[in-house]
Amino acid sequence: MRPVGSKYLLEEPLGRGATGTVWRARQREAAGAEAAVAGHPGETVAIKVLKEELANDPDVVMRFLRERSVLLRLTHPNIVRTRDLVVEGDLLALVMDLIDGPDLDRYLRRNGPFSPIAAALLTAQIADALAASHADDVVHRDLKPANVLLAGSEDDPAGLRPMLTDFGIARLADSPGLTRTHEFVGTPAYVAPESAEGRPQTSAVDVYGAGILLYELVTGRPPFGGGTALELLQRHLTEEPQRPGNVPLPLWTVIERCLRKNPAERPGAENLARALRTVAEGIGVHATPAQAEAAMGVAALLGPDPSPTPVPGQAPAGASDPTQVLPTTGRPGDGAPAYDPNAATSVMPHTGGPGQGGSGEGATQVMPPVPPGPPSGQGDGPRPEEPHPWQTQLRAARDRNEQTQIQPLDPELDPLRRRPQRRAAPQPAQPPQQPQPQPQSRPQPRQRARQQQPQQPYAPAPQHRPEPRPRRHEPPRPPAPQPAPRQPRQRSANPMRIPGLGCLKGCLFMVLIAVLICVLVWNFTPLPEWWDQGRQFWDDTKNWVGDAWTWVTELGNTAEELPTDVPTEIPTDVPVNNG
């Protein structure tokens, strides 16, 4: 059991919904003057504990406290009475009368649809509850069979009394904190078109929900069902319900008028209750002709509500201020017209420069072209006709490269004067080898000519220099050998370079580890005892085998000493008995 406040004690959960959990509770002491019903100790009540996201929303808590009196004074025979409201830390709870009967949704699933007369009378009582709540400026906004409890015995359908519940939850659901999370408050299968579109809502949304509930009571299913929530909302906006075959025409007239897409064409809750009772009297088998005629003319009773109750926190349709035209910004004496709120939007006058008939502020002008030359304050900088510093650097880098020069060719390198060399037999392909550098003692002709020429001062070369054409019989010059980069000498771990020293170190290290393991095993395990026992067993076995071998040897010697010849002569001195 869990206490709620100081006056109530939760016993067991009765059901869970989208906004909280309903508990069977017991009252521990009488409530104070702040409660609508004081009660007495030991009385059983129903307490709906709201979900944590509602209890943690400060907007919901403030609305909970601000509209406490509205919820507590909402009393009607077909409305579950709210007895008390509890605010304790992060817990919000509504204390209500306990209704032992099932809800209308469970009853439909268990017993099937109602007859047209029973459905009309049941919905008429729900319409009475809606009319009473709308008179107190309370809109339910979530009317569905699950929010209608049935008081009475299920064995007597005529004695069932519908009790509309969750009025307080619908009132608190108007909090801005909750509407930011959900696009609308309600169930997709029972939501009104204006709620689905986000338009201002009035008490007509409850009449729309009553029409869907009446349709479901007769047929066992809502008119728009199946698919996702988005598909359901789209069907509410675009589709028209179709009349089932078992629905009488007067009753269908009521359903069709409640399900109008335009809220202004729906009847008020009070007119709806009167029309449903008229239909119930005129479609029965015992109806008089006058009652049947009144039922056929039920459309005259379904007048719209002249002053529908708006949903709190939403501006009614047409309450937004119209867009106003700002006054012109002309000065007095300029001939500007006076401010007219109904005038069309005017264009701001052109603000030309002085002498142009406008204000003192001049219009945007084009700057004159900048004359060639150094900018002000930078007389020492580079002039436009001189090359930029980065161009000079690129030119110097290009001039530092070696250029092809025409020089007399050494006769020894002339291919026309050299002796023909025999071509060797083809050999298998080998990896290319680097060309051997020529001896340094004999410089190349190109180098000799370069040494003979005097060094000339640096002169910048033109930007577009034609590439010199190579000579026709000049042999290809081998690339100059590149010296191999010198690797830093690393100190070897084996400076004496003794062969096998590394392997020897590894072997010695492994031997040392093996000896250490043997010592540890010999000293910290029962191996010595096992060794003594094994040695004793070996000695005993050896002695036993030696004794057996000795016994076998002695037995063999004894067998060899026995006589093998048997005497055949009978001694003569032995008397013979002839008798």
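- Although no hydrogens or angles enter the test, the distance criterion places a donor-acceptor pair under 3.5 Å between the side chain of Arg243 and the main chain of Val247.
- Each of Val138, Leu130, Asp137, Asp136 was scored for a side chain to side chain contact (heavy atoms under 4.5 Å, CB included) with Thr309, with one residue passing: Asp137.
- The local environment of CD in Glu11 is crowded, with over 12 non-hydrogen atoms from other residues, nucleotides or ligands closer than 6.0 Å.
- Surrounding CZ of Arg2 are at most 12 heavy atoms belonging to other residues, nucleotides or ligands under 6.0 Å away.
- Counting non-hydrogen atoms of neighbouring residues, nucleotides and ligands closer than 6.0 angstrom, the CZ atom of Arg106 reaches no more than 12 such neighbours.
- More than 12 non-hydrogen atoms from other residues, nucleotides or ligands lie less than 6.0 angstrom from CD of Glu43.
- The heavy-atom pair separating Leu143 from Ala210 by the smallest distance is CD2-N, 3.4 Å.
- In this structure the side chain of Thr219 never reaches within 4.5 angstrom of the side chain of Pro113, judged on heavy atoms.
- The shortest heavy-atom contact between Ala275 and Leu302 is CB-CD2, 3.3 Å.
- At least one side-chain heavy atom of Glu239 sits less than 4.5 Å from a side-chain heavy atom of Phe224.
- Residues Asp84 and Leu94 fail the side-chain proximity criterion, which asks for heavy atoms closer than 4.5 Å.
- For the 3.5 Å distance criterion, the side chains of Asp206 and His134 qualify, holding a donor opposite an acceptor.
- The shortest non-hydrogen separation linking Ala295 to Pro250 is O-CB, 3.3 Å.
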Apply salt bridge (Lys or Arg N to Asp or Glu O under 4.0 Å) to Asp97 and Arg83, showing your working. CA-CA 7 Å; Asp97 291 339; Arg83 303 165 62 106; 2.9 Å; yes
Going through the checks in order, is the side chain to side chain contact (heavy atoms under 4.5 Å, CB included) test met by Leu251 and Leu214? CA-CA 9 Å; Leu251 187 60; Leu214 179 58; 3.8 Å; yes
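- Between the side chains of Thr187 and Asp142, at least one donor-acceptor pair of N or O atoms lies under 3.5 Å.
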Is there a side chain to side chain contact (heavy atoms under 4.5 Å, CB included) between Tyr215 and Arg221? Walk through the geometry before answering. CA-CA 7 Å; Tyr215 185 100; Arg221 57 179 178 82; 3.9 Å; yes
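- Note on Lys144 versus Asp103: no salt bridge recorded, every NZ/NE/NH1/NH2 to OD/OE distance being 4.0 Å or above.
- For Tyr107 and Phe114, the gap between ring centers is short of 6.0 Å.
- With values rounded to the nearest 0.5 angstrom, Leu272 atom CG is found 10.0 Å from Ile126 atom CD1.
- The local environment of CH2 in Trp522 is crowded, with over 12 non-hydrogen atoms from other residues, nucleotides or ligands closer than 6.0 Å.
- Taking both residues in full, the closest heavy atoms of Glu29 and Pro41 are given as CA-CG, 3.9 Å, listed atom of the first, atom of the second, then distance.
- Of all non-hydrogen atoms in Gln27 and Ala38, the two that sit nearest each other are NE2-O, 2.6 Å.
- Within 6.0 Å of CZ in Arg109 there are 12 or fewer heavy atoms belonging to other residues, nucleotides or ligands.
- Looking at heavy atoms from C-beta onward, Arg266 lies out of side-chain contact with Arg257 at the 4.5 angstrom threshold.
- Put simply, CD1 on Ile79 and CE on Met163 are 8.5 Å apart, with the number rounded to the nearest 0.5 Å.
- If you take CD on Glu240 and CZ on Arg260, they are separated by 8.5 Å, rounding to the nearest 0.5 Å.
- Distance CG/Asn78 to CD/Gln125: 5.0 Å, rounded to 0.5 Å.
- Note that the CG atom of Leu516 and the SG atom of Cys518 stand 9.0 Å from one another [nearest 0.5 Å].
- In this structure, CD1 in Ile212 is found 12.0 Å from CG in Leu217, a value given to the nearest 0.5 Å.
- Lys261 contributes a side-chain N or O that, together with a main-chain N or O of His236, makes up a donor-acceptor pair within less than 3.5 Å.
- Pro241 is listed as a side-chain neighbour of Trp252, based on a closest heavy-atom distance under 4.5 Å.
- Looking at Tyr8 and Ile47, their side chains come closer than 4.5 Å, going by heavy atoms from C-beta outward.
- Side chains of Glu194 and Tyr208: a donor-acceptor N/O pair is absent below 3.5 angstrom, by distance only.
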Given Leu122 and Leu104, is the side chain to side chain contact (heavy atoms under 4.5 Å, CB included) satisfied, shown in steps? CA-CA 10 Å; Leu122 191 68; Leu104 189 55; 3.9 Å; yes
Begin with the C-alpha distance, continue with both residues' side-chain angles, and end with the deciding distance and a verdict on side chain to side chain contact (heavy atoms under 4.5 Å, CB included) for Arg26 and Val45. CA-CA 6 Å; Arg26 193 170 300 276; Val45 295; over 6 Å; no
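- The environment of Glu12 atom CD is dense: over 12 non-hydrogen atoms of other residues, nucleotides or ligands sit within 6.0 angstrom.
- Considering all non-hydrogen atoms of both residues, Thr253 and Ala299 come closest at CG2-CB, 4.1 Å.
- For the pair Thr228 and Leu232, the minimum side-chain heavy-atom distance is 4.5 Å or more.
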So Arg277 and Asp128, salt bridge (Lys or Arg N to Asp or Glu O under 4.0 Å) or not? Walk me through it. CA-CA 11 Å; Arg277 289 186 173 90; Asp128 291 338; 2.5 Å; yes
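- Contact check for Val80 versus Ile99: side-chain heavy atoms found under the 4.5 Å cut-off.
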